[in-house]
Amino acid sequence: MIKIAFFDTKPYDGKWFDRLAGEYGVEIRYYESKLSERTIVLADGCDAVCAFVNDDINSEVIDALCAHDIKLLAMRCAGVNNVDIASAEGRLPVVRVPRYSPYAVAEHAMALLLTLNRKTHKAYIRTRDFNFSLNNLVGFDLHGRTVGVVGTGQIGRAFINICRGFGMKVCAYDVYKAADADWEYVSIEELCKRSDVISLHCPLTKETHHLIGAENIKLMKETAIVVNTSRGELIDSKALLKALTERRIGGACLDVYEEESDYFFDDYSDTVERDRTLALLLSLPNVIVSSHQAFLTDDALEAIARVTLENICGFFTEGKLDNAVTAQK
Ligand code: NAD
């Protein structure tokens with residue numbers, strides 16, 4: 001039986017993996033700890049390690065995985081910016097789940113946008129307290145407004161379709177223009193100038209790190225709302241905070257945050273040592289933050305479990321490397 005050590009797990013991870021473990025003939029050991037040089041010992045005797053978005057899998061961790069005779073690193077996520085792929089190359093195969101439910105993420109992006117714009121989170125709290133005032137709850141119609149989509153892959157496309165359902169105009173920026181695109185591609189600067197809503201759906205790479213920084217923020221409309229369900233480091237959070245506090249842009253919907261690995265997925269409500277920028281962002285009335293939950297639907301979790309187990313079993317039983325990640329040359 002193939003033995004797999006799962007790191008950074010939460011109760012909801014088990015639901016689909018446990019249901020499918022028998023079908024795929026694997027034994028799973030769940031660990032809440034993040035994967036690190038220190039915790040790798042938990043994987044002793046396992047064939048594969050399965051990790052997630054906030055496990056910092058740097059070259060030391062790759063060395064440790066190899067030293068512990070782990071044969072495969074299976075990421076149960078799409079983005080693998082947290083893995084030192086170059087260091088793993090030729091020593092430890094790395095696989096991922098390139099597609100599970102682009103709809104889950106795109107729908108969450110729209111949920112955040114609608115919440116921030118129409119202030120339903122505030123209305124919910126108010127009415128429960130028998131406060132039926134409408135003061136400060138004014139939003140704007142999405143219909144007829146322009147959305148700028150950065151990255152027109154699976155999630156970006158799903159988001160474009162949702163926005164079109166709302167009657168929005170679309171412009172997009174991508175380094176690779178889709179041949180079948182029926183939307184206009186513009187430069188990132190033009191997108192920032194033109195858009196009422198800017199939604200990020202590109203991967204985190206050296207090129208996209210702080211893509212939304214002081215310069216591009218300066219080009220945005222005073223009412224522009226920035227939505228990030230991709231990776232925190234796409235936005236320079238300090239520059240975003242500055243623009244928001246100077247009322248130079250309209251608002252921000254953040255499912256991801258630059259320093260999220262220190263906080264997201266756990267309860268720090270009783271602590272006082274807090275990331276200052278995040279705490280200030282959270283204090284603003286025109287910012288909404290969710291803790292990297294855009295993927296969190298049953299449909300996505302089932303697909304993640306199935307593809308992860310197929311990746312693992314394909315490797316150990318047939319020597320296949322489906323969905324392998326290779327270093328960009
Ligand atoms: P995808 O590979 O289908 O699409 C990514 C798009 O970004 C592609 O069209 C690509 O050409 C484009 N791109 C690459 N480099 C770019 C650059 N420098 N500038 C502009 N565009 C660039 O990926 P996807 O499935 O649509 O996922 C997008 C991202 O969403 C992932 O990389 C991941 O970081 C994030 N994600 C977040 C969650 C969540 O729960 N919040 C879940 C899944 C994925």
Side-chain angles (χ1 to χ4, degrees), residues 8 10 12-13 51-55 75-83 85 96-113 148-163 170-181 183-192 195 198-213 216 226-235 252-258 260-261 263-265 288-305 307-308 323-326 328:
D8 202 10
K10 299 288 177 228
Y12 47 79
D13 286 313
F52 197 45
V53 291
N54 286 333
D55 289 304
M75 300 302 295
R76 53 181 193 282
C77 52
V80 287
N81 50 282
N82 54 325
V83 185
I85 300 296
R96 66 175 184 133
V97 184
R99 183 191 167 91
Y100 41 92
S101 169
Y103 312 108
V105 182
E107 287 170 16
H108 189 75
M110 181 49 87
L112 289 178
L113 173 60
V149 176
V150 179
T152 52
Q154 301 165 76
I155 299 171
R157 278 166 182 263
F159 190 69
I160 287 173
N161 286 335
I162 292 172
C163 291
V170 176
C171 66
Y173 168 70
D174 197 311
V175 277
Y176 305 104
K177 297 180 177 55
D180 61 347
W183 51 80
E184 183 187 2
Y185 280 109
V186 295
S187 67
I188 185 69
E189 291 82 11
E190 180 65 20
L191 181 145
C192 289
S195 304
I198 294 158
S199 196
L200 307 180
H201 301 290
C202 62
L204 173 64
T205 61
K206 268 190 243 119
E207 293 72 36
T208 60
H209 184 265
H210 286 187
L211 181 67
I212 302 299
N216 282 331
V226 178
V227 184
N228 189 6
T229 54
S230 199
R231 285 292 181 267
E233 293 91 333
L234 296 181
I235 298 182
C253 305
L254 308 174
D255 184 52
V256 286
Y257 174 68
E258 277 195 272
E260 70 174 50
S261 60
Y263 298 95
F264 281 20
F265 307 140
I288 184 164
V289 174
S290 54
S291 44
H292 207 136
Q293 74 173 72
F295 72 99
L296 201 62
T297 66
D298 249 330
D299 311 77
L301 290 173
E302 179 181 2
I304 288 170
V307 176
T308 302
N323 301 319
V325 188
T326 49
Q328 284 177 343

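Every number for a ligand or one of its atoms is a count from 1 in the order of the listing. Computed over heavy atoms, backbone and side chain alike; hydrogens, waters and symmetry mates excluded.
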Test of proximity, Thr208 against ligand 1: N or O pairs below 3.5 Å: no

Pairwise side-chain contact, Glu233 with Glu260, heavy-atom cut-off 4.5 Å (strictly under): no

Those atoms of ligand 1 less than 4.0 Å from some heavy atom in Ala294: 39 (C), 40 (O), 41 (N)

Arg157 and Asp180: CA distance, side-chain angles, deciding distance, side-chain contact (heavy atoms from CB on, under 4.5 Å) verdict: CA-CA 11 Å; Arg157 278 166 182 263; Asp180 61 347; 2.6 Å; yes

Nitrogen or oxygen atoms of Gln293 and ligand 1 under 3.5 Å apart: no

Side-chain donor/acceptor of Arg96 to backbone N/O of Cys77, under 3.5 Å: no

N or O contact, Tyr100 vs ligand 1, cut-off under 3.5 Å: no

Ligand 1 to Gln154 polar contact by distance, N or O atoms, under 3.5 Å: yes

Any Leu204 heavy atom less than 4.0 Å to ligand 1: no

Nearest protein heavy atom under 4.0 Å from atom 7 (O) of ligand 1, yes or no: yes

Heavy-atom check, side chain of Leu234 versus side chain of Cys202, under 4.5 Å: yes

Distance in Å, Ile304 CD1 paired with Phe295 CZ, rounded so as to fall on 0.5 Å steps: 6.0 Å

Worked check of side chain to side chain donor-acceptor pair (under 3.5 Å) between His210 and Glu258: CA-CA 10 Å; His210 286 187; Glu258 277 195 272; 2.8 Å; yes

Contact (N/O only, under 3.5 Å) between Val150 and ligand 1: no

Side chain to side chain contact (heavy atoms under 4.5 Å, CB included), paired with Ser291, selected from Tyr257, Tyr263, Phe264: Phe264

Heavy-atom donor-acceptor pair, Asp255 side chain to Gln293 backbone, under 3.5 Å: yes

Asn323 side chain vs Val97 backbone, donor-acceptor pair below 3.5 Å: no

Atom 29 (C) of ligand 1 [closest protein heavy-atom partner, distance rounded to 0.1 Å]: Ser230 OG, 3.3 Å

Heavy-atom nearest neighbour in the protein, as seen from atom 4 (O) of ligand 1, with distance rounded to 0.1 Å: Gly153 CA, 3.2 Å

Test of proximity, Phe295 against ligand 1: N or O pairs below 3.5 Å: yes

Atom 33 (C) of ligand 1: nearest protein contact (heavy atom, Å): Arg231 NH1, 3.7 Å

Those residues that, when tested against Lys177, pass salt bridge (charged side-chain N to carboxylate O under 4.0 Å, His left out) (two or more places apart): none

Part of Asp174 within contact of ligand 1 (heavy atoms, under 4.0 Å): both

Protein heavy-atom partner closest to atom 28 (C) of ligand 1 - residue, atom, separation in Å: His201 O, 3.4 Å

Residue-ligand contact Pro102/ligand 1, heavy atom below 4.0 Å: no

Nearest-0.5 Å distance, CG of residue Leu301 to CZ of residue Arg76: 10.0 Å

Among Ser291, Gly79, Pro203, closest by any non-hydrogen atom to atom 32 (O) of ligand 1: Pro203

Any non-hydrogen protein atom less than 4.0 Å away from atom 23 (O) of ligand 1: no

Check: Thr208 side chain, Leu211 main-chain N or O, donor-acceptor pair, under 3.5 Å: no

Atom 19 (N) of ligand 1: the protein heavy-atom neighbour that sits closest, reported with distance to 0.1 Å: Tyr173 CE2, 3.6 Å

Nearest non-hydrogen protein atom, atom 37 (C) of ligand 1: Thr229 O, 3.1 Å

Ile155 contact mode with ligand 1 (heavy-atom cut-off under 4.0 Å): both

Atom 15 (N) of ligand 1: nearest protein contact (heavy atom, Å): Val175 CG2, 3.5 Å

Test log, rule side chain to side chain donor-acceptor pair (under 3.5 Å), inputs Thr152 and Asp174: CA-CA 6 Å; Thr152 52; Asp174 197 311; 3.1 Å; yes

